[in-house]
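Everything below concerns the one structure shown next.
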Amino acid sequence: MNAGSTVPERSPERVGILGGTFDPVHIGHLIVAREMVEALSLTEVLFLPAREPPHKAPSGLTPAEHRLAMLRLAIASEPLFALDERELRRGGKSYTFDTLRSLREERGPRTELFFLIGADTLPELKTWRRAPELFGLAHFATAVRPGCLLSRLEELRDALPPEAIADLEAHCIPTTPIGVSSTTIRANILQGRSIRHMVPREVETYIRARGLYRAAPSETGEEQRHGG
Ligand code: ATP
């Protein structure tokens, strides 16, 4: 090495975070994550399963060990995808604010964080714990989702600071619309319909082998299964 040569600046890490219940993980999650890597030049995407979403009773969710095992199978062949189990390890409700604060502390100022959401989650953001402060911890990047209009951003204008709205507007990503949801998959299994190609083959095999989703959940009604 030449004396006096300078070490090249290491390009900053750009980490995407996809939080959710993943009950189960499906191709919508995987395609969004993949396309976000390209659109935002991400160096890594963390899949972050929630232990207990703030507005959701834990009894309605499939046990974390299964949701985690399915995620592991789904991301095994993607070198840029990783699992982050911090919400499962942490007791109590899974607040995104706590999660982003701990990631920010751990990764340091050189890492840019992008919290990835589907457009259906967008209007809920204003109800999340310490919502205005979330935008100081990470960018929020929204993926288009069938039936969810990005015009719903308007609903947030009164609830969030202008910088947060500007950040959201700057990161609306036109990902390929995929109409699959975990709800569809659970309903299909319950009703004896196919889920082929909606989840990776290994995940389908896991679901079938353990007999997951064959009984109706203990709770019914409209539930918020995302972050908060
Ligand atoms: P459920 O049907 O149980 O509510 P879900 O399919 O929305 O589940 P989650 O694990 O709750 O899956 O979603 C995690 C994140 O991924 C959320 O921000 C959600 O908006 C987003 N997401 C899930 N499916 C899609 C999809 N098909 N297209 C775009 N974003 C998606």
Side-chain angles (χ1 to χ4, degrees), residues 16-37 39-40 45-64 66-71 74-75 81 83-85 87-88 94-96 99-100 113-128 131 134 138-150 152-153 156 168 171-190 195 197-200 203 207 212-213 216-228:
I17 303 145
L18 185 62
T21 41
F22 302 107
D23 195 11
V25 59
H26 54 72
I27 57 162
H29 299 124
L30 298 170
I31 290 172
V32 161
R34 186 65 237 172
E35 293 191 358
M36 287 288 193
V37 165
L40 300 169
V45 176
L46 303 177
F47 285 71
L48 205 135
R51 171 189 151 108
E52 196 180 325
H55 307 283
K56 168 85 185 71
S59 55
L61 283 179
T62 302
H66 291 311
R67 293 186 286 125
L68 201 53
M70 291 187 282
L71 266 173
I75 67 173
F81 293 178
L83 255 179
D84 188 307
E85 299 179 38
E87 289 195 351
L88 298 178
S94 304
Y95 290 111
T96 301
T99 301
L100 287 181
L113 300 178
F114 295 82
F115 197 80
L116 313 178
I117 56 170
D120 58 310
T121 306
L122 198 56
E124 292 171 12
L125 278 185
K126 62 182 175 214
T127 67
W128 287 15
L134 286 172
H139 300 290
F140 274 68
T142 308
V144 166
R145 200 170 181 183
C148 304
L149 296 175
L150 287 179
R152 297 194 72 179
L153 197 50
L156 298 174
L168 284 165
H171 297 102
C172 284
I173 309 296
T175 50
T176 303
I178 306 288
V180 174
S181 68
S182 301
T183 303
T184 319
I185 291 163
R186 296 192 301 271
N188 278 12
I189 295 171
L190 195 60
I195 59 163
H197 310 305
M198 294 182 177
V199 299
V203 173
I207 290 173
L212 299 182
Y213 310 116
S218 52
E219 300 194 351
T220 53
E222 202 41 45
E223 298 156 342
Q224 181 169 346
R225 303 177 68 90
H226 302 134

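This structure is a prediction, so every number in the text was calculated from the model and none was measured. Counting starts at 1 for both ligands and their atoms, following the listed order.
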Would you mind telling me if ligand 1 is within reach of the side chain of Thr183, the backbone, both or neither, using heavy atoms under 4.0 Å? both
Ligand 1 atoms nearer than 4.0 angstrom to some heavy atom of Ile178 are 26 (C), 27 (N), 28 (N)
Just one of Phe114, Phe115, Phe140 clears the ring pair (Phe, Tyr, Trp, His ring centres under 6.0 Å) bar with His171, so which one? Phe114
Please list, in number order, the atoms of ligand 1 under 4.0 Å from a heavy atom of Gly20. 10 (O), 14 (C)
What part of Val180 sits under 4.0 Å from ligand 1 if we count only heavy atoms: the side chain, the backbone, both or neither? backbone
For Asp120, the atoms of ligand 1 under 4.0 Å from one of its heavy atoms are 19 (C), 20 (O)
I need the atoms of ligand 1 closer than 4.0 Å to a non-hydrogen atom of Thr121, numbered in the order shown. 17 (C), 18 (O), 19 (C), 20 (O)
Verdict with supporting geometry, Thr184 and Ser181, side-chain hydrogen bond (donor to acceptor under 3.5 Å, both in side chains): CA-CA 5 Å; Thr184 319; Ser181 68; 2.7 Å; yes
What residues form a side-chain contact (heavy atoms from CB on, under 4.5 Å) with Ala131, not counting sequence neighbours? Leu160
In ligand 1, which numbered atoms sit nearer than 4.0 Å to a non-hydrogen atom of Ser181? 2 (O), 6 (O)
Going by the order shown, which atoms of ligand 1 are within less than 4.0 Å of some heavy atom of Ser182? 1 (P), 2 (O), 3 (O), 5 (P), 6 (O), 8 (O), 12 (O)
If we only consider heavy atoms of Gly19, is any one of them less than 4.0 Å away from an atom in ligand 1? yes
Are the ring centres of His29 and Phe22 closer than 6.0 Å? yes
Leu212 side, atom CG; Ile207 side, atom CD1 - distance, nearest 0.5 Å: 6.5 Å
Can you find an N or O of Asp23 that's nearer than 3.5 Å to an N or O of ligand 1? no
side-chain hydrogen bond (donor to acceptor under 3.5 Å, both in side chains) assessment of Asp23 paired with Tyr213: CA-CA 9 Å; Asp23 195 11; Tyr213 310 116; 2.6 Å; yes
Heteroatom distance test (Phe22, ligand 1): nitrogen or oxygen, under 3.5 angstrom: yes
Mark yes or no for whether Glu87, through its side chain, and Thr99, through its backbone, hold a donor-acceptor pair below 3.5 Å. no
Ligand 1 atoms in contact with Arg186 (distance to a heavy atom under 4.0 Å): 3 (O)
In ligand 1, which numbered atoms sit nearer than 4.0 Å to a non-hydrogen atom of Ile117? 18 (O)
Determine whether the side chain, the backbone, both or neither of Thr21 has a heavy atom under 4.0 Å from any heavy atom of ligand 1. both
With sequence neighbours excluded, tell me which residues meet side-chain contact (heavy atoms from CB on, under 4.5 Å) with Ala74. Val25, Leu30, Pro200, Val203
Rounded to the nearest 0.5 Å, the CZ atom of Arg67 sits from the OG1 atom of Thr21 at a distance of 6.5 Å
